[in-house]
Each structure stands twice: as C-alpha cells, then as structure tokens.
Amino acid sequence: MKAIEMPKKGPFISDIEEIRRRARQHMEKGAVTESYKADRETVIEILNQALATELVCVLRYKRHYYMASGIHAQAVAGEFLEHATEEQGHADRIAERITQLDGAPDFNPEGLLNRSHSEYVEGRTLTDMLREDLVAERIAIDSYNEIVRYLGNDDPTSRRLMEEILANEEEHADDLKTLLETLGREK
Ligand SMILES: [Fe+2]
Ligand SMILES: [Fe+2]
C-alpha cells in the first residue's frame with residue numbers, strides 16, 4: 001500500500017510570546033481572540049436562527065406532549081416530552097455559545113417563527129403530530145448541515161456544538177420514523 005503523503009505543516013506555535021501578548025491585549029473580548037477566523041456577526045446571526053429553531057421545536061413538542069391521546073399515546077407522549085427536553089438543552093447550549101462570542105441570544109417571541117428554520121404545526125392526530133415533527137427534524141438536519149459546512153475551520157467550537165446537536169436531531173428523526181412505522185403497522 002502506498003503511504004499517503006501528509007502536507008508539511010509549520011511549527012504548531014510559532015511565537016508563544018506573541019500569543020501571550022495578544023491574549024492580554026483584548027481581555028474584554030473573552031473567548032474571542034485574534035485567531036478567531038469567522039465573521040463573528042454572521043455566526044451570531046446564524047446561531048440565533050438555530051436558537052429560534054430549537055425554541056419553536058420545544059414549543060411544538062410540548063404542545064404535542066399535552067395533546068397526545070389514544071391507545072398508543074403513552075409511549076408517543078413520552079417520546080415527545082423527551083424530545084422537548086433535549087431541544088431545550090440544545091437551545092441553552094446555543095445561547096451560551098452566542099454569549100461566548102460576545103453576542104446577545106435572541107429570545108424575543110416576536111419574530112420567533114421568522115427566525116426559525118422549522119415550523120410550528122399543531123397536528124390533529126397522533127400520526128399528524130409525528131409526521132410534522134419528522135418534517136421539522138429533517139429541516140433542522142438540513143440547515144444544521146449547512147451551518148456546519150459554513151463554519152468549517154473558521155469557528156471549530158461552534159461547528160462542534162452544531163455537529164453534536166445535528167447528531168441528536170438525526171436520532172430524533174429516527175425515533176419518529178420508527179414510531180410512525182409502528183403506528184402504521186398496528187392500524
Ligand atoms: Fe434540537
Ligand atoms: Fe430534534
């Protein structure tokens with residue numbers, strides 16, 4: 001097998017004194033140092049859209065949790081509640097990252113749906129609700145994939161956060177698909 005040639009890299013830290021000097025220079029910037037390569041304003045705006053997406057998902061799953069009724073409701077309601085709690089966790093982590101970037105997390109209910117990528121659909125039956133949640137998860141998966149690609153190596157911390165959330169949304173979508181299949185079979 002032919003060995004893969006790795007591109008040669010320069011020394012990892014070229015000038016530790018310089019790094020120390022810059023770190024002291026703009027203390028008020030907190031976690032944002034001069035090596036931050038992304039367009040901070042844009043990243044904050046994107047993260048605020050993701051925050052809105054998560055908040056809308058919390059509300060939708062809560063509504064579905066309280067409205068779930070029928071023979072299969074218990075198992076499905078439990079899943080709705082679990083998802084609502086996890087979406088809230090995502091919202092919190094995104095808001096925290098926004099503040100690390102010296103931004104302000106947008107929790108304003110006005111315009112929440114416009115900032116959100118996914119929609120708030122109430123759904124009438126259990127199957128409706130599951131379908132709408134699956135659609136919302138698929139939208140989140142698509143847009144978070146976009147965000148991960150956009151962040152690339154310019155903001156690895158935000159990228160990693162969004163990758164972790166993305167993996168969790170994929171689990172949600174898979175849960176919903178399984179529940180829909182189970183309901184469909186038993187009808
Ligand atoms: Fe989420
Ligand atoms: Fe989700």
Side-chain angles (χ1 to χ4, degrees), residues 38 42-70 72-101 103-152 155-184:
T42 306
V43 173
I44 289 167
E45 196 187 322
I46 288 171
L47 290 179
N48 262 321
Q49 287 172 6
L51 174 61
T53 303
E54 295 296 342
L55 294 173
V56 167
C57 286
V58 172
L59 296 173
R60 199 193 53 255
Y61 275 125
K62 283 278 184 173
R63 156 85 185 189
H64 290 177
Y65 167 64
Y66 286 109
M67 292 301 284
S69 61
H72 304 287
Q74 248 189 345
V76 179
E79 203 67 33
F80 288 154
L81 184 61
E82 195 186 299
H83 286 200
T85 309
E86 286 175 356
E87 309 298 12
Q88 182 64 63
H90 298 165
D92 289 332
R93 293 182 67 193
I94 295 169
E96 196 189 355
R97 181 61 188 154
I98 292 171
T99 57
Q100 282 176 354
L101 292 172
D106 193 348
F107 282 94
N108 193 340
E110 201 172 273
L112 183 63
L113 263 180
N114 293 330
R115 295 193 302 276
S116 164
H117 297 151
S118 54
E119 293 171 297
Y120 177 89
V121 182
E122 294 184 336
R124 216 170 35 84
T125 64
L126 213 50
T127 310
D128 280 352
M129 295 180 205
L130 285 166
R131 268 206 200 101
E132 288 306 329
D133 290 331
L134 180 54
V135 169
E137 294 290 354
R138 288 174 60 84
I139 291 170
I141 290 168
D142 250 1
S143 71
Y144 292 177
N145 256 311
E146 279 291 313
I147 293 174
V148 165
R149 271 197 294 275
Y150 171 80
L151 291 169
D155 181 343
T157 308
S158 298
R159 191 199 65 223
R160 264 197 308 278
L161 169 65
M162 293 311 295
E163 278 172 346
E164 283 171 26
I165 295 176
L166 172 61
N168 204 200
E169 309 304 6
E170 287 176 349
E171 280 169 29
H172 289 170
D174 196 50
D175 293 344
L176 294 166
K177 179 177 154 270
T178 307
L179 281 170
L180 270 169
E181 284 168 357
T182 312
L183 281 187

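Everything quoted here is computed from the prediction, not taken from an experiment. Residues: numbered from 1 along the sequence shown. Atoms within each ligand, like the ligands themselves, are counted from 1 in listed order.
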Shortest-distance N, O or S atom of Glu54 relative to the Fe ion (ligand 1): OE1
Rounded distance [0.5 Å steps], CZ in Arg160 versus CZ in Arg97: 9.0 Å
CE on Met67 to CG on Asp128, rounded to 0.5 Å: 11.5 Å
2.8 Å shell around the Fe ion (ligand 2), exclusive bound, protein N/O/S atoms: 5
Residue pairs involving residues 45-70 (criterion ring pair (Phe, Tyr, Trp, His ring centres under 6.0 Å); sequence neighbours excluded): Tyr61-His83, His64-Phe80
Salt bridge (charged side-chain N to carboxylate O under 4.0 Å, His left out) partners for Glu170, two or more places apart: none
Please table the atom pairs, donor to acceptor, closer than 3.5 Å between any side-chain atom in residues 145-152 and protein atoms at least two apart or in another chain.
residue	atom	partner	partner atom	Å
Asn145	ND2	Ile141	O	3.3
Glu146	OE2	Arg149	NH2	3.0

SB check Arg93 Glu164 (cutoff 4.0 Å): yes
